[in-house]
Amino acid sequence: MSVPLVHFSEDQAEAFDRIADVLRSAGVDIEESMTTPRTEGGDNALAVIGKAGSGKTMLLARLAEALAEAGVDTISGDYEGRRRKDRRTVAILAPTNKAASVLRTRGVAATTIHRILYTPLYDPEYEKIAEWLVGNADRPEVEGLTDEALDRALAFYKQVKSVPGALATAGLKGSDFILGWKRREDPLDIGFVDESSMLDKRQFDDLKEIFPTLVLFGDPAQLAPVNQSGSMVFDDLPEPRKLTLSRIHRQDLDNPILDLAHALSDDSLRFEAFERMIEEAAKTDERVVLAERVDADMMARSPVLVWRNATRIRLIHAFRAAFEAPLEGLLPGEPLVCDGIELPLKHRKKRLDLEARGLIKGAQVIYLGPGKRAGFSRLHVIGAPEPQVSAASIVKIEIPGEEEPQIPFAANMGAAFLHGAAVTIHKAQGSQWPEVQVFAPDLYAASRAGRVEAGIPLWKRLAYVAITRAETRLHWVTRYRLARPTEPLTTTDLNQPAAPFELTSEETT
């Protein structure tokens, strides 16, 4: 096997070997690159836990490589061919589109949990093309599609393993070949779940029903789901089923952001002392910035991270005022966060259509402009493989001190959105941005409140999560001030080809 184990630290190598043992017991030998047919039953759930920079993603990527070398097929969320009993499969999952996109940028073919729980139903005529692309059938003849169109589809699929993307290059759109979506009933095989600290018990139970072999990758220092009293799903696993990565690899690169994050593990550290550490880091390293004002330009793509909801609402209104956004509408380029799908039960299929296209609760999107009909919006879903959609929208902008939100426009039903120029640190989990602004006055308020979560002061958990959202630069904002923008809002940075899954007004009426 060519997986370079020599690059592993001792704790990574031990975790790799333990997971290899579990996979071997399930009939997949990644050391000998051999597989045997899957047997029914089994409950092999274990967790790899470690703080930011400990190498969880590197380990997951190496395991994915080893499984591919052993002949294990990776299941994506866009198409699943007819199952062959002699083939083993793995699905690499994340709770959100943004978290999945972080893995994809590192060469890991990840999809969202939702896209695995719900699978697309293809039109039988176009399913023949999908089966051919994935290698399960001979080249088909399809009425209305030329040989040149099929050649384009195959060339695309060889470069990007996306069946919908390949069909789009042949001149088709999602409404041509996808008839609907169904909840998965049959079990799968092996599942890897990144950012598993975000899972709640119900999601974990659903995944265990589907995957007889399930490996969770998570950070025990992050914030637990709000309904779980500070505990995470992997906390309840037996100790032999929890593999801990303790070495912080990214600190080898002298990363001041991670240095600050891991300094929070010091029980004696108080907020004032921590802020002095940030001041000292900012003096010597440009990757840490001590800012007296929130940067309005940055808020358009990288939200300010706050603790209190009231702070979030005030910052959003300051952002909109700075860009002179109208009360009755949105400016192209304004960021939004999906707050769920508001559809009655009889429109369940439409709900699945929206969610399958990335509009799940918590998804970050950019408003591109109005759709063809009143209440419709053209949207860019951040982190989605096919990001551009058009959907019936209900946009809510909360008002400081008032219970009822301002609604610039709304369809009768569809995807609901809140403004995304500022988000709570809880909502930011699973996401990363090149540069992140953390609103320090809120963390100071949390420290003064004295709240503790799972034995750790809440302000430390908040600070840890907020800091580790930054990939390259951390902005620690110390004052209730907003710097005026230097240029108007724009969408030019989002120019991409139209997605094959574009949701048109005709499909949602």
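Numbering of residues begins at 1 and proceeds along the displayed sequence. What you see is a predicted model; the values in this text were computed from it and never measured.
- To the nearest 0.5 Å, atoms CZ (Phe271) and CG (Leu264) are separated by 10.5 Å.
- Annotation: ring pair (Phe, Tyr, Trp, His ring centres under 6.0 Å) contacts of His419 (sequence neighbours excluded): Phe319.
- Comment: Asp493 engages Arg301 in a salt bridge, judged by a side-chain N to carboxylate O separation of less than 4.0 angstrom.
- No donor-acceptor distance shorter than 3.5 angstrom exists from the side chain of Ser268 to the backbone of Asp266, with no hydrogens or angles considered.
- One distance of note links CE of Met299 with CG of Leu489; it measures 10.5 Å at 0.5 Å rounding.
- You'll find the side chain of Lys56 stays beyond 4.5 Å of the side chain of Leu59, heavy atoms only.
- Taking the six-membered ring for Trp and the full ring otherwise, the centers of Tyr480 and Phe439 sit less than 6.0 Å from each other.
- Looking only at distances, a side-chain donor or acceptor of Lys460 sits under 3.5 Å from a matching main-chain atom of Leu269.
- Taking all atoms of both residues into account, the shortest heavy-atom contact from Trp307 to Ala445 is CZ3-C, 3.9 Å.
- Side chain of Arg308 to main chain of Asp442: no donor-acceptor pair is present (N/O by atom type, distance under 3.5 Å, no hydrogens or angles).
- No side-chain N or O of Gln437 forms a donor-acceptor pair with one of Ser302 less than 3.5 Å apart.
- No side-chain donor-acceptor contact under 3.5 Å links Ser377 to the backbone of Leu379.
- Between the side chain of Tyr464 and the backbone N or O of Ala52 there is at least one donor-acceptor pair closer than 3.5 Å.
- Taking all atoms of both residues into account, the shortest heavy-atom contact from Ala100 to Ala94 is N-CB, 3.6 Å.
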Open item on the list: Quick one, Leu336 with Leu418, criterion side chain to side chain contact (heavy atoms under 4.5 Å, CB included). Give me CA distance, side-chain angles, the key distance, then yes/no.
Closed with: CA-CA 6 Å; Leu336 302 172; Leu418 301 175; over 6 Å; no
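- Here the side chains of Leu167 and Tyr122 are in contact, with some heavy-atom distance below 4.5 Å.
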Open item on the list: I'd like to know whether Asp219 forms a salt bridge (Lys or Arg N to Asp or Glu O under 4.0 Å) with Lys51, so could you lay out the CA-CA distance, the side-chain angles of the two residues, the decisive distance to 0.1 Å, and finally the verdict.
Closed with: CA-CA 5 Å; Asp219 187 339; Lys51 292 186 177 181; over 6 Å; no
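- Other residues, nucleotides and ligands contribute over 12 non-hydrogen atoms within 6.0 Å of the CD atom of Glu272.
- Across all their heavy atoms, Pro488 and Phe323 have their closest contact at C-CE2, 4.2 Å.
- Across all non-hydrogen atoms, the minimal contact from Val381 to Val389 is CG2-CG2, 4.1 Å.
- Looking at heavy atoms from C-beta onward, Phe217 lies out of side-chain contact with Thr57 at the 4.5 angstrom threshold.
- Without hydrogens or angle criteria, Asp339 side chain to Phe417 main chain gives no donor-acceptor distance under 3.5 Å.
- Residues Glu279 and Arg276 are not paired through a salt bridge, judged by the lack of any N-O separation under 4.0 Å between the basic side chain and the carboxylate.
- Here the CG-CE distance, from Asp259 to Met277, works out to 8.0 Å after rounding to the nearest 0.5 Å.
- Considering only residues two or more places apart in sequence or on other chains, Pro332 meets the side chain to side chain contact (heavy atoms under 4.5 Å, CB included) condition with Thr491.
- In terms of modelled atom types and a separation under 3.5 Å, the side chain of Thr478 and the main chain of Ala291 share a donor-acceptor contact.
- The shortest distance between side-chain heavy atoms of Leu359 and Val365 falls below 4.5 Å.
- Under the 4.5 Å side-chain criterion, counting only non-hydrogen atoms from C-beta, Leu145 is in contact with Ile129.
- Sorted by first and then second residue, the side-chain hydrogen bond (donor to acceptor under 3.5 Å, both in side chains) pairs involving residues 314-324 (not counting sequence neighbours) are Arg320-Glu334.
- Remark: side-chain polar atoms of Gln203 are paired, donor with acceptor, to backbone N or O of Asp200 under 3.5 angstrom.
- Using a 30° and 60° split on the angle between ring planes, Trp459 and Phe274 fall in the tilted class, from 30° to 60°.
- Salt bridge Arg287/Asp285: present, at least one basic N to carboxylate O contact under 4.0 Å.
- Remark: the backbone N or O of Arg461 is not paired with any side-chain donor or acceptor of Gln222 at under 3.5 angstrom.
- Side chain of Arg473 to main chain of Glu286: a donor-acceptor pair is present (N/O by atom type, distance under 3.5 Å, no hydrogens or angles).
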